[in-house]
Protein chains: 2
Amino acid sequence: MSTTTMLGYFAGFLTTISFLPQVMKIWKSRSASDLSLGMFSVFSVGVMCWLVYGFLLQETPMIFWNAVTLVLALTILVMKIKFDS
Amino acid sequence: MSTTTMLGYFAGFLTTISFLPQVMKIWKSRSASDLSLGMFSVFSVGVMCWLVYGFLLQETPMIFWNAVTLVLALTILVMKIKFDS
């Protein structure tokens with residue numbers, strides 16, 4: 001594996017796992033009122049586009065991590081909608 | 001410009017501007033207690049790595065948007081630390 005690909009995996013690992021403490025925080029506190037619905041909606045659509053961009057570049061780290069990030073961002077979005085109402 | 005590069009710009013545009021409503025929400029409410037400090041710290045380091053990965057791939061959309069996202073993520077981080085204390 002090239003150094004570039006390894007860095008891609010590391011970059012994606014960090015930006016993806018960064019969502020985990022946010023997911024856990026919302027789950028524990030049952031509160032997400034300070035989070036912006038606009039942010040997580042637009043972000044999710046953007047991550048879908050990064051995913052397709054990764055497919056077109058045939059860059060596995062981009063495909064893999066954007067897929068996982070999408071799941072986490074959508075989880076935050078669903079919890080926000082649920083706990084805000 | 002290739003379709004792939006155009007999609008990269010669009011993807012980055014979306015994930016980057018998604019941070020703007022969050023920045024404005026925190027600025028207006030002067031509150032970021034539901035946001036995870038862990039998330040935005042690890043996310044910022046991750047975006048720095050994406051930036052270097054973009055340089056190595058010589059993909060301008062990745063370099064450009066990750067640089068802007070880094071500024072916005074750090075802004076959120078600074079506001080969270082400031083308003084939480």
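The shown structure was predicted, so the numbers you read here are calculated from the model rather than taken from an experiment. Proteins get letters first, then strands, A, B, ... in listed order; numbering begins at 1 in each.
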Chain A interface, residue from B:Gly54, B:Ala32, B:Gly38 that has the most non-hydrogen pairs under 4.5 Å: B:Ala32
Transitive ILVMFWY side-chain link A:Met6 to B:Leu57, under 4.5 Å: no
Top contributor to chain A contacts, counting heavy-atom pairs under 4.5 Å, from B:Ser2, B:Cys49, B:Ser18: B:Ser18
Connected via hydrophobic side-chain network under 4.5 Å: A:Leu70 and A:Ile81: yes
Atom CZ of A:Phe10 with >12 non-hydrogen neighbours under 6.0 angstrom: no
Shared hydrophobic cluster for B:Leu72 and A:Phe40 (ILVMFWY, side-chain gaps under 4.5 Å): yes
B:Met48 portion near chain A, given a 4.5 angstrom heavy-atom threshold: neither
Sub-4.5 Å side-chain heavy-atom contact between B:Leu14 and A:Phe43: no
Closest heavy-atom pair and its distance - B:Ser36, A:Pro21: OG-CB, 3.4 Å
Which of A:Gly12, A:Ser44, A:Ser29 touches chain B most, by non-hydrogen pairs under 4.5 Å: A:Gly12
Side-chain donor/acceptor of A:Gln22 to backbone N/O of B:Asp34, under 3.5 Å: yes
Flag side-chain contact, heavy atom, 4.5 Å: B:Met39 against A:Lys25: no
Pairwise distance CH2(A:Trp50) to CH2(B:Trp65) - rounded to 0.5 angstrom: 9.5 Å
Options B:Leu56, B:Thr5, B:Val23, B:Leu35, ranked by heavy-atom pairs under 4.5 Å with chain A, top entry: B:Leu35
Derivation and outcome, side chain to side chain contact (heavy atoms under 4.5 Å, CB included), residues B:Met62 and A:Met62: CA-CA 11 Å; B:Met62 292 181 68; A:Met62 293 181 70; 4.2 Å; yes
Single-linkage hydrophobic cluster A:Phe19~A:Trp27, side-chain heavy atoms < 4.5 angstrom: yes
Most contacts with chain B, counted as non-hydrogen pairs under 4.5 angstrom, among A:Gly46, A:Ala11, A:Gly8: A:Ala11
Transitive ILVMFWY side-chain link B:Val52 to B:Val68, under 4.5 Å: no
Atom CZ of B:Phe83: over 12 foreign heavy atoms under 6.0 Å: yes
Option in B:Val42, B:Val47, B:Val45 with maximal non-hydrogen atom pairs under 4.5 Å from chain A: B:Val42
Residue pair A:Tyr53 / B:Leu7: nearest heavy atoms and the distance that separates them: N-CD2, 3.5 Å
